A.B. asks: 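Handing you this structure, nothing more for now.
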Amino acid sequence: LAKTTQPISMDSYEGQEVNITCSHNNIATNDYITWYQQFPSQGPRFIIQGYKTKVTNEVASLFIPADRKSSTLSLPRVSLSDTAVYYCLVGPGNAGNNRKLIWGLGTSLAVNP
Amino acid sequence: EPEVTQTPSHQVTQMGQEVILRCVPISNHLYFYWYRQILGQKVEFLVSFYNNEISEKSEIFDDQFSVERPDGSNFTLKIRSTKLEDSAMYFCASREGTSGANVLTFGAGSRLTVL
């Protein structure tokens, strides 16, 4: 099972771009990389998913190098409301269940005024 | 935007009591899940449910836990005899059959406090 490593916490300021990097050295060929956001006392919320290269949606971008051993979630121009815990997960994209997704402690992002 | 709804938002119970947590997944979703998160700790998988049966369960999901989809819309988690260590946030999640396997929609959670 792929294990992920990401910083425990990060600090930023409003308007800055924030990049959170996740290491997943043991990623398997059929694994996808998925990022979730969680606010206190709320359920996790899907942000973005990718397999390789770059994926962009209205919320974030996900950069995945060719070796796929790491990935970087990029949040453009963060605001105070982006203060949350961000989880990087790696697991099979064709799994019928999600047990193989292992949740770490995530990265606690604090956005300051 | 479709939501997964959970009730109750907070339940306080005495040790040894039975608790039922309820979830209404998104209507066209086919896979359903329960996760829990003890305060300050990781999100932990409990069970997945598909085609009216459990598809997989974790070591946490022992005989005191059960799940049911009684009427085609609700998805419930029952804890038969609660213990102090069952105190946690319980999250229900669902996903479409065709979307990525790791793209789940979570509910807001039910906070269970066992005294």
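Please read all numbers here as calculations on a predicted model, not as lab measurements. In what follows, every chain begins at residue 1, and chains take the letters A, B, ... in the order their sequences are listed.
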A.B. asks: Using every non-hydrogen atom in the two residues, find where N102(B) and P92(A) come nearest and quote the distance to one decimal.
C.D. replies: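 Distance-wise, the nearest heavy atoms are OD1-O, 3.5 Å.
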
A.B. asks: Test of understanding: clusters of I, L, V, M, F, W, Y form through side-chain heavy atoms closer than 4.5 Å, transitively. Do M89(B) and L21(B) belong to the same one?
C.D. replies: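 Cluster IDs for M89(B) and L21(B) differ.
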
A.B. asks: Would you indicate whether Y51(A), at its atom OH, is surrounded by more than 12 heavy atoms from other residues, nucleotides or ligands within a distance under 6.0 Å?
C.D. replies: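 Result for OH/Y51(A): enclosed.
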
A.B. asks: Flag yes if Y87(A) and L46(B) sit in one hydrophobic cluster, no otherwise; membership is Ile, Leu, Val, Met, Phe, Trp, Tyr, and two members link when side-chain heavy atoms are under 4.5 Å apart.
C.D. replies: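 They do not share one cluster, since no chain of ILVMFWY contacts under 4.5 Å joins Y87(A) to L46(B).
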
A.B. asks: Got a sec: does the CD of E3(B) have more than 12 other heavy atoms crowding it under 6.0 Å?
C.D. replies: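 For E3(B), atom CD is not crowded (no more than 12 foreign heavy atoms under 6.0 Å).
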
A.B. asks: Sort F39(A) into side chain, backbone, both or neither according to what part of it lies under 4.5 angstrom from a heavy atom of chain B.
C.D. replies: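 F39(A) has no heavy atom closer than 4.5 Å to chain B.
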
A.B. asks: Go through the atoms of L89(A) and report whether side chain, backbone, both or neither lie under 4.5 Å from a heavy atom of chain B.
C.D. replies: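 For L89(A), neither part sits under 4.5 Å from chain B.
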
A.B. asks: Kindly work out whether a path of hydrophobic side-chain contacts (I/L/V/M/F/W/Y, heavy atoms less than 4.5 Å apart) joins V55(A) to L73(A).
C.D. replies: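 In one cluster: yes.
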
A.B. asks: Should we say atom CG of L84(B) is surrounded by more than 12 heavy atoms from elsewhere, each under 6.0 Å from it?
C.D. replies: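 Enclosed.
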
A.B. asks: State plainly whether one hydrophobic cluster holds both F45(B) and L112(B), where clusters connect Ile, Leu, Val, Met, Phe, Trp and Tyr through side-chain heavy atoms under 4.5 angstrom apart.
C.D. replies: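 Each belongs to a different hydrophobic cluster.
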
A.B. asks: Contact between W103(A) and Y35(B) at the side-chain level, heavy atoms closer than 4.5 Å - yes or no?
C.D. replies: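 Side-chain contact under 4.5 Å: yes.
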
A.B. asks: Hey, are the side chains of Q42(A) and F91(B) touching, using non-hydrogen atoms and a 4.5 Å cut-off?
C.D. replies: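 With C-beta onward as the side chain, the pair stays apart.
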
A.B. asks: Please tell me if the side chains of Y36(A) and F106(B) come closer than 4.5 Å, counting only heavy atoms from C-beta onward.
C.D. replies: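 A side-chain contact under 4.5 Å exists here.
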
A.B. asks: Which bit of Q41(B) comes within less than 4.5 Å of chain A, counting heavy atoms only: side chain, backbone, both or neither?
C.D. replies: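 Answer is backbone: N, CA, C or O of Q41(B) sit under 4.5 Å from chain A.
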
A.B. asks: Which pair of non-hydrogen atoms, one from L104(B) and one from F46(A), has the smallest distance, and what is that distance?
C.D. replies: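 Looking at all heavy atoms of both residues, the closest pair is O-CB, 4.0 Å.
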
A.B. asks: I need the minimum non-hydrogen distance between R111(B) and S41(A), along with the two atoms involved.
C.D. replies: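 Closest pair (atom of R111(B), atom of S41(A), distance): NH2-OG, 3.4 Å.
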
